[in-house]
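Okay, so here's the structure we're looking at.
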There are 4 protein chains.
Amino acid sequence: MQKRDREATRTRLLEAARLRFAREGYDATSVRDIARDSGVDATLIFRYFGSKKQLFDQATATAHSPDLLEGPQEELVARMVATIVDHDWTEYGGEHPLVAMLRSSAHEDARQRIRQEVCDTYVIALRDLAKGQDAELRAELLSAWMVGIGILRSVVATPALAEARAADLAPHIASVATDLLGRPMSGTVDQSRSEGESDQT
Amino acid sequence: MQKRDREATRTRLLEAARLRFAREGYDATSVRDIARDSGVDATLIFRYFGSKKQLFDQATATAHSPDLLEGPQEELVARMVATIVDHDWTEYGGEHPLVAMLRSSAHEDARQRIRQEVCDTYVIALRDLAKGQDAELRAELLSAWMVGIGILRSVVATPALAEARAADLAPHIASVATDLLGRPMSGTVDQSRSEGESDQT
Amino acid sequence: MQKRDREATRTRLLEAARLRFAREGYDATSVRDIARDSGVDATLIFRYFGSKKQLFDQATATAHSPDLLEGPQEELVARMVATIVDHDWTEYGGEHPLVAMLRSSAHEDARQRIRQEVCDTYVIALRDLAKGQDAELRAELLSAWMVGIGILRSVVATPALAEARAADLAPHIASVATDLLGRPMSGTVDQSRSEGESDQT
Amino acid sequence: MQKRDREATRTRLLEAARLRFAREGYDATSVRDIARDSGVDATLIFRYFGSKKQLFDQATATAHSPDLLEGPQEELVARMVATIVDHDWTEYGGEHPLVAMLRSSAHEDARQRIRQEVCDTYVIALRDLAKGQDAELRAELLSAWMVGIGILRSVVATPALAEARAADLAPHIASVATDLLGRPMSGTVDQSRSEGESDQT
DNA sequence: GATGAATGAGTATTCATTCAT
DNA sequence: CATGAATGAATACTCATTCAT
């Protein structure tokens, strides 16, 4: 029931859209649902965003994740895991946005966005670290693990992973990452930096 | 003859449903799509299965995967990878059924089915092999990897993994599996057994 | 409230569509209007015709006019006038279909249909009769007169033309037609043939 | 300056409305279209004109046609034809306003305006010239021809008429007009007057 | 038992219009 | 006075599902 504040309305619509699209996927979400959640008229969605798809794009485009490249290299994988495991991602319904987006992966657009996000924030960053022969493949294998952990945690909710904190995974992370990247990797993030890591925007 | 026809129609509907649900997800698939694909009247779906949801349940219930438990224990993970990487899964639109099902994971039913499939065919089997303290967690971490590999291969289609065959992954599989399970694991499946793996259509 | 008779429903929809489209034009007519007029559910329109536009095409395609070419040549123009003036065109809301269609002439499709109808049933038939130099132009000028008479009669409803019967126009028709075509034309249709002229199908 | 702007905006809105309504008809034209064309906010339309319909009325009321009564009587019909054929009517999208208005003739208001325009500027002027018995009818028949010519030229676009200039039609105009009015009529307008005919924008 | 006509609630989107700032 | 945020009814069209024949 907020009124006459374009920016506020836009923001509320984006937040509601983010949540719905994450939880139910593109198809199962109706613009009316989003409007109802936001307490605004559905037609404003078209005034502000043009179409359902454009709203989807804008709602999911902004990658609200912390910058993984900030910090020591040997903690990169640990930071990734922390982002997946310790972050609560309430704005995306409690799931890592990448995982949530898989729900809309029937649409080529969403697929493309997933692709880009995975490559940009995981594969490329890891490939730069990997030593030796098939660096690309090993970077992808490690990326796959990150994504898989996110999925088992939130959509499958397997008992141990669902409860685990990044700290519990640290030793395994360290050894597998070290193994796959061919260089020593840490399983935990240094305390002095970790505080900046969980404050989402 | 009557009976045969009925059964044949049911089968055709299930196959078409499987493919559509896998490719487009539950919501984007209409019963008329499935009926058209099968060349039968849409109302038969309701006669035979009761509702769209029940058809979905039946179409996705039958896990058409080869039995992973058959064969030597140290090749279990290799068999899993082969199932994900070397199998073409044409009946599910070219994606591992687990991956395809993620597309419908907004629906609790589908989620439940994913959960069960992951637990039954991955986590439990791996947990039985894991040695030492946090066996469950390590089994889940390895399961997560399997799922992640499936996703990066087919939905994200990262360059190296999309092209890779199980053989290319063998050394990495072996070392990570060995590491996580705490016992020596092989990265490849023995030839003499491998033939039973791909003969199903 | 008729029920379970596909053909009857289709026909009722077409009739209602014809009337609405004629009276109100394409844009001002909603598929719900047509459905309500027909007493059937609006979705049947899409089942049977695919879209509003296709319904429009089918409703307006069938030129329910008597064959103007049947009969003596010197009575051709008289037959045209009779078709416009003496025919009541109740199925098109009391207007000649050509005139009614002008209401939808913002749409290129309708325009094209008008063009074809005018050329096929007026210009070409008259051009074949015209003697001398600029036969095409004179045929078109006479066609223009036919169309103009239809418009003044029904949409403008000028007092004299609105009330006039073909017989009242006969002498003027004869002299102008004779003049423009360069050959003797009759203003009236022979009685023995005229009966077949006003029974519409 | 304020006043000037307001007046200028009103004028721009009227011009844009005139063009849109002529080209697309009342229903297919949205107030936002008109506002966008004019480069002003849509709500100004309601401030200035009250409603879409009132804007339509005002936009189409002003008959921007040259005064047909000025000039020698025997050239009246020739002047009418020139107005239809030689005038380019860019402000109405290239069609004679009467013809354009037919597109909106589902609305009684537009119909009324057409009626009035046809009667005032054609029928009455011609009736005053007609000699003999059924003067009214003959005046209307000649008016019908004028309107028909306009329609075939612009909406139907028959080949010969679409290209023709008033001069090409002159002989036929002269003979038919003479015939129908019962008095000698010229097919062309005298040069010395013709200049006043096209100077309006 | 099977065909397909019917239905009603749902979809995204656009409309003319109002009202707060 | 003017901008533009808000509104609610309407649009064409699709959906899963039922029911008469």
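This one's a predicted model, so the numbers in the text were calculated from it and none came from an experiment. Order of the sequence lines fixes the chain letters, A, B, ..., with proteins taken first and strands second; residue numbering starts at 1 for each chain.
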Can you tell me if C:Arg12 uses its side chain to pair, donor with acceptor, with the backbone of C:Ser38 under 3.5 Å?
-> yes

Is it true that a side-chain atom of B:Arg115 and a backbone atom of A:Val156 form a donor plus acceptor pair closer than 3.5 Å?
-> yes

Whole-Å distance, A:Phe56 CZ to E:dT11 C1', equals 18 Å

Cation over ring face, B:Lys52 and B:Tyr26, 6.0 Å, 45° | yes

Does C:Arg47 put a side-chain nitrogen or oxygen below 4.0 Å from OP1 or OP2 of E:dA5?
-> yes

Pairing string of DNA chain F (Watson-Crick or G-U wobble, both atom distances under 3.5 Å; | = paired to other strand) is .||||||||||||||||||||

Rounded to the nearest Å, what distance is computed from the CD atom of residue A:Glu7 to the C1' atom of nucleotide F:dA5?
-> 12 Å

Taking all atoms of both residues into account, what is the closest heavy-atom pair of C:Leu19 and C:Tyr92, and its distance?
-> CD1-C, 4.0 Å

Any Lys/Arg nitrogen of B:Glu95 or B:Arg103 sitting under 4.0 Å from an Asp/Glu carboxylate oxygen of the other?
-> yes

Can you tell me the distance, in whole Å, between the CD1 atom of C:Ile34 and the C1' atom of F:dA10?
-> 15 Å

Roughly how far, to the nearest 0.5 Å, is CZ of D:Arg32 from OG1 of D:Thr43?
-> 9.5 Å

Separation of F:dT18 atom C1' from B:Ile45 atom CD1, nearest Å, is 15 Å

Taking all atoms of both residues into account, what is the closest heavy-atom pair of C:Ala16 and C:Asp37, and its distance?
-> CB-CB, 3.8 Å

D:Arg111 side chain vs D:Ser105 backbone, donor-acceptor pair below 3.5 Å = yes

Answer yes or no: is there an ion pair linking A:Arg113 with A:Asp57, defined by an N-O contact shorter than 4.0 Å?
-> yes

Rounded to whole Å, CG of A:Leu44 lies from P of E:dT13 at a distance of 14 Å

What nucleic acid atoms does C:Phe49 come within less than 4.0 Å of, heavy atoms only: base, sugar-phosphate, or nothing?
-> nothing

With 3.5 Å as the limit, what N/O pairs link the protein to nucleotides 12-16 of chain F?
| from | atom 1 | to | atom 2 | distance (Å) |
| --- | --- | --- | --- | --- |
| F:dA12 | OP1 | C:Thr29 | O | 3.4 |
| F:dA12 | OP1 | C:Val31 | N | 3.3 |
| F:dA12 | OP1 | C:Lys52 | NZ | 3.2 |
| F:dA12 | OP2 | C:Val31 | N | 3.3 |
| F:dC13 | OP2 | C:Lys52 | N | 2.7 |
| F:dA16 | OP1 | B:Thr29 | O | 3.4 |
| F:dA16 | OP1 | B:Val31 | N | 3.3 |
| F:dA16 | OP1 | B:Lys52 | NZ | 3.1 |
| F:dA16 | OP2 | B:Val31 | N | 3.1 |

For B:Arg6 and E:dG1, what is the distance between atoms CZ and P respectively, to the nearest whole Å?
-> 9 Å

